[in-house]
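So the structure is just underneath, and the comments pick up after that.
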Amino acid sequence: MIYDVIVVGGGIAGLMAAIEAKDEQNRVALITKGNIFKSNSSMASGGINSVLDSNNTKEINQHINDTFNSAKGIGNKKAITYMCKEAASIIEKLVNYGVEFDRDENNNILQRPFGGGSSNRTCYVGDKTGSAITMALIKKAKAKSITFLPNNFVLNLAKYQNRVSGIIALNKENSQVIIYPSKAVILAGGGYAGIYRAYSTNAPDYTGDLLAVALRAGLCLKDMEFVQFHPTGFIKTNYLVTEAARGEGGYLVNSEGSRFINELGTRDEVARAILKEQLKGKKVFIDLRHLGLEKIQKKLSSLYNAALMQCGVNISEELLEIKPVAHYTMGGVDVNMTSCEIKGLYICGEMASNGVHGANRLGGNSLLEGCVFGNLAGNNAKEYAKENEFSPIDYNIVVKDIEILDYIFQGDSSKNFNAIRISLGKCLFEKVGIIRNEKTLTEAFDYVKYLRQISYSLHCINKEKNNNIELSAILELRNALEIAEAIILSAQKRCESRGAHYRNDYPNSAKEFSRSFVIKELKKGYFKVSFKEHEIIKVIKNIFINKE
């Protein structure tokens, strides 16, 4: 089947993009690696930021300033301004799609405070906002007759003369390579915090697959060193203790009962403060007892149930032990709003680095970014598909993908790929985590290089083609190692501390690093890391070239 627009990714950005791309005449498909109901978006608990009055320019400007300040000097003011100004219309659209935000007695949408914000601007549905939005968007997408293509692992982009021509995917049900021709493609595959396996709120399969696909297609990644660690995850299971818990008045206390940090500080500050307490041998807890059972069950019902079921802790009466965990990634494919160098290809959501988060994401802005830029990508792709025809498929890439899969099925493995994934996650958390330095980064780089070498000797033990989970796991591991190397190289280049990137050998920010790094794969296994030029430099260069 051929489509006018293909969207890859079943989170909020992908769903919003598919909905906006669909009209009465065109064909739109949404590809997901697994179940459509499983995404990081659906697990986002706390809320979505918006100044609800689109005429309140003072508050909108404050939202812009809070977001820009959180970006720590490398935010894109144009993208930030666009996102904040679009927020009110996005909330209205979500309400029309069926999202039932919590409201007061006058039917006004309630808003709570969130870390780093100067105003109460976070709209919410209890502590299950992401799930509520996701479900509403899935219903809307089905009502618009969008085709869902689950269990498709994207291997590569199909392109022809710098124009996208479709998607090359692995059908996980039968291990066959499938080509999906399309006039336009939208990538919205989420972030890469899942590579910090056993130390992340993300599902293990969030390994940055589509970022690796983008590298292979010749695109650049940007800001890869900026990985946001959420301050509060369950100590044993990594389940996210939503920031709404602190927004509703929860305290952070150490084992001595002392509050040691402003609970509503930016996430990098709070996460480092918690880690420092733990390195001193102290345990850290979130204290919600003073909120009372009634308020907890009304505002934080999902957290209450999860704490009871996973930890045996009644948070209305007991302290809940927590730890920082990898949660969100500011880095991604370098884009201008949603566009990139390949015509007909648009990228949005967490996997896009458009500059709205810079070095540190403001709490409550991730769902907003997904909705705003998903909406924009959908509209852009729809218009592109109307004006352009299908491009040819380069079957040389398809043949290479088939050969790679055939090789993985051949031979035997002496290595356990699950053990490698866990080992990689531990290495990244300890050496490329909340606190880094040249020594730990070098050690991590050497280890990842070693793991990349042995990853190409991995084969499926089970040779059955139907529903072979080993095959996709090996492919995920290869992608994860590629992205891990990109993170480490970028972190080594940034000899300073900024936002979520903290180096104790360079504890201060440096003016010369007030720019983003971009990384490009010159050939398999060889990366080039360089400063991204400021727009003003590009303009000057163009003027100079035109004069010549």
Side-chain angles (χ1 to χ4, degrees), residues 11-17 19-20 41 44 46-95 99 109 111 114-124 129-130 133 137 186 188 190-191 222-223 226 228 266-267 328-340 346-380 499 516 535:
I12 281 173
L15 287 164
M16 184 67 87
I19 291 166
E20 294 305 313
S41 294
I48 176 170
N49 287 340
S50 174
V51 177
L52 296 175
D53 181 0
S54 59
N55 295 316
N56 191 341
T57 54
K58 180 180 178 182
E59 277 299 315
I60 292 173
N61 285 335
Q62 194 57 52
H63 186 193
I64 293 168
N65 290 334
D66 287 347
T67 302
F68 189 73
N69 290 337
S70 181
K72 302 297 181 183
I74 61 169
N76 183 317
K77 200 67 174 282
K78 175 187 173 183
I80 291 170
T81 301
Y82 178 81
M83 180 181 74
C84 295
K85 286 185 174 181
E86 287 292 308
S89 64
I90 285 294
I91 295 296
E92 183 179 352
K93 183 170 287 191
L94 292 176
V95 171
V99 179
I109 294 176
Q111 294 176 287
F114 244 45
S118 59
S119 301
N120 293 6
R121 65 172 72 96
T122 307
C123 311
Y124 58 93
T129 311
I133 295 174
L137 293 180
I186 300 171
K222 186 179 76 174
D223 293 335
F226 296 115
Q228 186 174 80
T266 57
R267 289 178 173 176
Y328 189 90
T329 47
M330 278 71 74
V333 184
D334 185 20
V335 296
N336 178 11
M337 301 293 272
T338 64
S339 303
C340 66
Y346 303 91
I347 303 167
C348 59
E350 191 177 352
M351 74 164 292
S353 184
N354 54 22
V356 295
H357 304 310
N360 197 42
R361 177 175 67 88
L362 189 70
N365 269 355
S366 60
L367 295 182
L368 177 61
E369 180 207 11
C371 288
V372 168
F373 291 100
N375 186 79
L376 179 62
N379 280 316
N380 288 343
S516 293
E535 292 302 316

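For the atom pair CZ of F373 and CD of E86, the computed distance is 9.0 Å after rounding to the nearest 0.5 Å. Here the CD1-CG distance, from I74 to D223, works out to 4.0 Å after rounding to the nearest 0.5 Å. Of the inter-residue distances, the one linking N69 atom CG with T266 atom OG1 reads 10.5 Å to the nearest 0.5 angstrom.
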S119 and Q62: CA distance, side-chain angles, deciding distance, side chain to side chain donor-acceptor pair (under 3.5 Å) verdict: CA-CA 8 Å; S119 301; Q62 194 57 52; over 6 Å; no
Side chain to side chain contact (heavy atoms under 4.5 Å, CB included) between Y82 and L376, intermediate numbers included: CA-CA 10 Å; Y82 178 81; L376 179 62; 3.6 Å; yes
Side chain to side chain contact (heavy atoms under 4.5 Å, CB included) between L137 and L94, intermediate numbers included: CA-CA 8 Å; L137 293 180; L94 292 176; 4.1 Å; yes
Side chain to side chain contact (heavy atoms under 4.5 Å, CB included) evaluation trace for I133 with L367: CA-CA 9 Å; I133 295 174; L367 295 182; 4.3 Å; yes
Evaluation steps, side chain to side chain contact (heavy atoms under 4.5 Å, CB included), between I109 and V95: CA-CA 10 Å; I109 294 176; V95 171; 4.3 Å; yes
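Between the side chain of N56 and the backbone N or O of E59, at least one donor-acceptor pair lies under 3.5 Å. Remark: the backbone N or O of I12 is paired with a side-chain donor or acceptor of S41 at under 3.5 angstrom.
The stretch residues 364-379 participates, sequence neighbours left out, in these side-chain hydrogen bond (donor to acceptor under 3.5 Å, both in side chains) pairs: N49-N365, H63-N365, T67-N365, K93-N375, Y328-E369, H357-E369, R361-S366. Among pairs with a residue in residues 63-81, those fulfilling salt bridge (charged side-chain N to carboxylate O under 4.0 Å, His left out) read D66-R121, at least two apart in sequence or across chains.
The side-chain contact (heavy atoms from CB on, under 4.5 Å) test applied to A352 returns V335, I347, not counting sequence neighbours. Qualifying side chain to side chain donor-acceptor pair (under 3.5 Å) partners for K85, counting only residues two or more places apart in sequence or in other chains: none. For S50, the side chain to side chain donor-acceptor pair (under 3.5 Å) criterion is met by no residue, not counting sequence neighbours. Applying the ring-ring contact (aromatic ring centres under 6.0 Å, His included) test to Y346 and every residue at least two apart in sequence or in another chain returns nothing. Taking N360 as the reference, Q228, D268 meet the side chain to side chain donor-acceptor pair (under 3.5 Å) condition, with sequence neighbours excluded. Under the rule for a ring-ring contact (aromatic ring centres under 6.0 Å, His included), F68 has no partner lying at least two apart in sequence or in another chain. In this view, D334 and K532 satisfy the side chain to side chain donor-acceptor pair (under 3.5 Å) rule, not counting sequence neighbours.
Under the 4.5 Å side-chain criterion, counting only non-hydrogen atoms from C-beta, K222 is not in contact with V333. The shortest side-chain heavy-atom distance between N336 and N354 does not fall under the 4.5 Å cut-off.
Closest non-hydrogen pair, I91 versus C123, comes out as CD1-SG, 4.3 Å. Summarising the geometry of T329 relative to G191, their closest heavy-atom pair is OG1-CA, 3.3 Å, with the distance given to 0.1 Å. Nearest heavy atom pair, residue G190 against residue M351, reads O-CB, 3.0 Å.
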